[in-house]
Amino acid sequence: MSEDATKEVAAAGGPPGGRRTRMRLASEEFFFLLQRIDRLDEKLSGEIKSLENKLNGLVFWAIGTIVAIVVGFAGVIAMLALS
């Protein structure tokens, strides 16, 4: 097992189940990879939420810009019609 995998498993308190038995269902590398996948999933979920917030802000900005343009053109047309 690699040194990084050993450190990760030791930091997490070892593989699930707490104590080691003679019969193991999965290797320590499997649990290391499982923990890595879980952490990557949490990071990716956080990035997606951040991106959603940015896109929501962009949508509101775009709608505001379109409304401002429409109101501006309506004002120009009204002024031309009244003069």
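Predicted, not measured: the structure shown is a model, and the values here were computed from it. Side chains included, hydrogens not; waters and symmetry mates left out as well; all remaining heavy atoms used.
No side-chain donor-acceptor contact under 3.5 Å links Ser50 to the backbone of Gly46.
In this structure Ile77 satisfies the side chain to side chain contact (heavy atoms under 4.5 Å, CB included) test with no other residue, sequence neighbours excluded. Partners of Ser83 by side chain to side chain contact (heavy atoms under 4.5 Å, CB included), not counting sequence neighbours: none found. For Leu44, the side chain to side chain contact (heavy atoms under 4.5 Å, CB included) test picks out Ile48, with sequence neighbours left out.
Between the NZ atom in Lys43 and the CD atom in Glu47 there is a gap of 9.5 Å [rounded to 0.5 Å]. Rounding to the nearest 0.5 Å places CZ of Phe60 at 13.0 Å from OG1 of Thr65. Of the inter-residue distances, the one linking Glu42 atom CD with Ile37 atom CD1 reads 12.5 Å to the nearest 0.5 angstrom.
Taken together through direct or relayed side-chain contacts under 4.5 Å among Ile, Leu, Val, Met, Phe, Trp and Tyr, Val59 and Leu51 form parts of separate hydrophobic clusters. Taking hydrophobic clusters as Ile, Leu, Val, Met, Phe, Trp and Tyr residues chained together by side-chain heavy-atom distances below 4.5 Å, Ile63 does not share a cluster with Leu55.
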